[in-house]
Amino acid sequence: MKFGYFDDQNREYVITRPDTPLPWINYLGCQEYFGIISNTAGGYSFYRDARLRRLTRYRYNNAPWDCGGRYIYLRDNESGSFWSPSWQPTRHAAEDYSCRHGMGYTTIGSKFAGIEAYTRYFVPLDENLEIWQLTVSNRRATPARISVFASVEFCLWDAQDDATNFQRNYNIGEVEVNEGVLYHKTEYRERRNHFAFFACSEPTAGFDTARDAFLGPYRGWDNPAAVASGQLSNSIAHGWAPIGAHQVNLVLAAGETRQIIFVLGYQENPVDRKFDPPDSQTINKKTAEPVIAKYLGAKEADAAFGRLHEHWDRLLGIFQVDTPDLHTNRMVNIWNAYQCMATFNMSRSASSFESGIGRGLGFRDSNQDLLGFVHMVPARARERILDLASTQLDTGGAYHQYQPLTKRGNNDIGSGFNDDPHWLILGVAAYLKETGDWSILNELVPYDNKPGTEEPLYAHMGRSFGYTLERLGPHGLPLIGRADWNDCLNLNCFSDTPGNSFQTTTNRDGMVAESVFIAGLFVRASRELAAIACHQGHPDDAKRFLAAAEKMEQTVKEHGWDGEWFLRAYDSFGEKIGSKERDEGKIFIESNGFCVLAGIGLDDGRAAKALASVRERLATKHGLVVHQPAYTRYYLHLGEISSYPPGYKENAGVFCHVNPWVMIAETRLGHGDEAHDYYLRINPSAREEISEVHRCEPYVYAQMIAGKDAPTFGEAKNSWLTGTAAWNYYAITQWILGVRPTYGGLEIAPVIPAGWQGFTATRIFRGVKYKIAIERAGPGNNVALTVNGSPIEGNIVRPPTDGSNEISISAVLS
Ligand code: BGC
Ligand code: NOJ
């Protein structure tokens, strides 16, 4: 069952009924000002940091869901009835409801009692504000007297404190109202130099800034007393809960359409010019007034929307494909790339599943995210890499997370996730392959942000490498530490206290438990590093990296192989995990996917065997599960993984993040059908028809789909902010379609389904447009390349030396 459809032409997903299985969201903003917006106008806004600079309030866990948003109400002043065109919060049965989630904007509306109203919400580029463009039309044969109300509930900035510290917060709320603009200025009298504003393009017939006045006692956003009465009371908030609400009265002739613009924004003032007059307590509004005035004009708003559209044209235009498969095209060309930008902007901070007050930026997560966005925003990828590397420790280890506002490592969670350092190598490698900007390796970067410790980025990567070699366990495999990629496989934790953090409790010495997954990662990263060392003219380093990779590969074959698949780990007692010897958790996806992806066992049949075992034991119609059999009870020595009921999350859920490792592994064996089959099982667009089962948005990936052991098999959770976005993008574009940046040029190495006759693509790579046509002449994956009409050796197309900025490539597969 579907709740809408894809409008690929306009790059939109159109939701046609408001009661989606879960709120289906979109993101507004792509620089410093951001918002989440659901298909019924729920959500909130923030400036840079979803915890510390929250503009508007939102309550997760609420009932009904998704309450709190950018709510507009219309009131028919003849009948006295009122409704919200976005369905929530009043939930009137309206006609022609639609929500169009597009690239950086959302338009929601419906028709009720002959009055049509649609609002387009977006954040203009380079501004710290959002525009709500409301278009109201009278479709009746008679004139209509309508009042429009627009409302937001302000958050007192620190979202964590806002939700907990009521003894203080009920006293500090402050607002100002000036020339029809509502200003939220809580704590501006003391240490804050920022405020929010909410403005309207039309002369208003009233406002409210006190929530109690607007809603009335014991009433909710679904039935505000002031809207019901038809008149706002010009209330001024003193403490309690400041809001912003505007009222505009309209008389619409039959057939008449009007546009009203509301602007919600954030403004920072220079400390020495906070107040105007200087010795007063009144906000200096001179900084905000021009920008408010600018965007209240319909022309400016439309122009800003046009610029936003061009921005996305440019980003998405970097890679476009036309394949025989609609779901591949749609995800690659539009939504998967878009989701990769969301993970870049948000990391794991703000979604329907991330409260914005929890985690900082993950070291592992952010490095992997690079794989999905580096081609779209290389300059920002560079900056991100240097920020990440600055939080690396001089041991080569890394803080598991850092805080985006301070860019400092997060002490609460600390370090000791022994896979972390290697993701930096893979992230940098991806950047170098995309950009050819080798200068980044010479950037001086500190350890733990400590001045005086700076070394070139290249040396940081050497320390990442060394970190593992200094931490090998009894079998010569890498010690796992607190956890590896699987945050929940906590082999040194042994927690028996409710509420203990599995991620930070460590009560074993950590000298026994080893990870075969990290071994695979190490092999892959060390070979990447060797290639980088060669290019940099450090052959001795390269030799060292390659020798260590080779040795680790042998160790994996000797101690990390279970006969039919790769083991997952050794626990704190030296017992195998992910082995036929176990009753539960016999086989895991991570070590099998990553070892083969890293090339281990391609030469001796182990890789093929491992993938056959994965197919036989882990593949389900909803994707590949993490392991089998699921853990049916809590095991003290395994940690969080066994805390989840069977089939959920790391306990045998379908982790969409790691499915692509197997897809890539399949391509390494030349299996295009298998790779693309796995790709489609979790591709959100391909799952659109089962939206009632999948439940999350059909246009973006979710982190997890409940596995076959779960009562809700096939149900997705944790959509949007997940490494799934980058890895799926990377797997389909670079390994299945095989359009792959390398240090020396663009490699064309498709491993596509046997039934595909070919495909075409355009790729902008280092400033040059590559027009690629792939044609199948035989069933295999051998590539014969012609570049600008002339056949070339091999399958790497070197950048043009004649200054041209367009290249035509045709590739024949046989
Ligand atoms: C989740 C993991 C996540 C970890 C760290 C766990 O509860 O299951 O997926 O990586 O928390 O935040
Ligand atoms: C989500 C975390 O963000 C990621 O870092 C981790 O690898 C996966 N969960 C698996 O535990």
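In this chain, residues are counted from 1 in sequence order. Just follow the structure's listing: the first ligand is 1, and inside any ligand the first atom is 1.
- Taking every heavy atom of Q703 and a limit of under 4.0 angstrom, the matching atoms of ligand 1 come to 9 (O).
- The 12-atom threshold is not exceeded at CG of D583, counting heavy atoms of other residues, nucleotides or ligands nearer than 6.0 Å.
- Ring geometry, Y635 versus H637: the interplanar angle exceeds 60°, so the pair is classed perpendicular (tilted spans 30 to 60°).
- Close contacts of ligand 2 with Q703, meaning ligand atoms under 4.0 Å from a residue heavy atom, involve 1 (C), 9 (N).
- Listed by atom number, the atoms of ligand 1 under 4.0 Å from D487 heavy atoms are 3 (C), 4 (C), 5 (C), 10 (O).
- Heavy-atom minimum distance, S526 versus F545: O-CB, 3.5 Å.
- Selection from Q503, H400, E650, R364 by nearest heavy atom to atom 4 (C) of ligand 1 gives Q503.
- No side-chain N or O of H400 forms a donor-acceptor pair with one of N410 less than 3.5 Å apart.
- For H460 and F465, the ring centers sit 6.0 Å or farther from each other.
- For ligand 1, the atoms lying closer than 4.0 Å to a non-hydrogen atom of Y644 are 1 (C), 6 (C), 7 (O), 8 (O).
- Under the 3.5 Å distance criterion, the side-chain polar atoms of W24 are matched with a main-chain donor or acceptor of R695.
- Note on ligand 1: M704 sits outside its first shell, no heavy atom being nearer than 4.0 Å.
- The closest approach between a heavy atom of F502 and any atom of ligand 1 is not below 4.0 Å.
- Atoms of ligand 1 lying under 4.0 Å from any heavy atom of E640, numbered from 1 in the order shown and given with element: 6 (C), 7 (O), 8 (O).
- The part of E650 lying near ligand 2 is the side chain, judged by heavy-atom distances below 4.0 Å.
- Between W485 and ligand 2, at least one N/O pair is under 3.5 Å apart.
- In summary, of the residues considered (F594, F517, W661, F417), a ring pair (Phe, Tyr, Trp, His ring centres under 6.0 Å) with W485 occurs for W661 alone.
- Close contacts of ligand 2 with N486, meaning ligand atoms under 4.0 Å from a residue heavy atom, involve 11 (O).
- Interface of K649 with ligand 1, defined as ligand atoms under 4.0 Å from a residue heavy atom, comprises 1 (C), 2 (C), 8 (O), 9 (O).
- Looking only at atom types and distance, the side chain of N492 has no donor-acceptor partner in the side chain of T506 under 3.5 Å away.
- N659 and Y679 share no side-chain donor-acceptor pair at under 3.5 Å.
- Inclusion of D365 in the set of residues having an N or O under 3.5 Å from an N or O of ligand 2 is warranted.
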